[in-house]
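Below you'll find the structure, written out as structure tokens, and then a few comments.
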Amino acid sequence: WDNVTRFASLALAKLAEIRRKAQLGSASYLVRALARIEQRQRREGLQRLRQHANLEAFAASKGQVDDVLRRLRGLVDSFELEVDDGVDNICRQVLDEDEEEANGVGHGYK
């Protein structure tokens, strides 16, 4: 009986060790799986942040470009008004000179 008892004790101890290793193996597998999931979620989160940052940068750039275009249009419009006024003045001067010459009030050039 002693040998049978010792054999049974060794078998039970070995079985307990195998069970403990299996539990540790399952736990480490679970830890590795969770680490992979966490890493994937981190990558996806960073990718979303980059996309969001790119969209924000694009929106800010578009807003700046719109402001510059609006100012440029204002400058072009004001320049056109100044040029139109200048052309009107020149045309009036030419017409006035033509009228003076037609009325006989010349400049003395012949």
message: Could you check whether Asp77 pairs with Arg73 (Lys NZ or Arg NE/NH1/NH2 to Asp/Glu carboxylate O, under 4.0 Å)?
response: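 Arg73 and Asp77: not salt-bridged.
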
field: Glu17 bridged to Arg20 by N-O distance under 4.0 Å
entry: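 A salt bridge links Glu17 with Arg20.
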
Once you round to the nearest 0.5 Å, how far does [atom1] of [X] lie from [atom2] of [Y]?
| X | Y | atom1 | atom2 | answer |
| --- | --- | --- | --- | --- |
| Arg70 | Leu72 | CZ | CG | 12.0 Å |
| Ile90 | Asp85 | CD1 | CG | 11.0 Å |
| Asn89 | Asp96 | CG | CG | 10.5 Å |
| Arg36 | Arg32 | CZ | CZ | 7.0 Å |
| Arg92 | Glu99 | CZ | CD | 12.5 Å |
| Arg19 | Lys21 | CZ | NZ | 15.0 Å |

field: Remaining members of hydrophobic cluster (4.5 Å side-chain criterion), Leu34
entry: Leu30

message: Show, in sequence, the C-alpha distance, side-chain angles and deciding distance for Arg6 and Asn3, and conclude whether the side-chain contact (heavy atoms from CB on, under 4.5 Å) test is met.
response: CA-CA 5 Å; Arg6 191 168 21 145; Asn3 284 340; 2.9 Å; yes

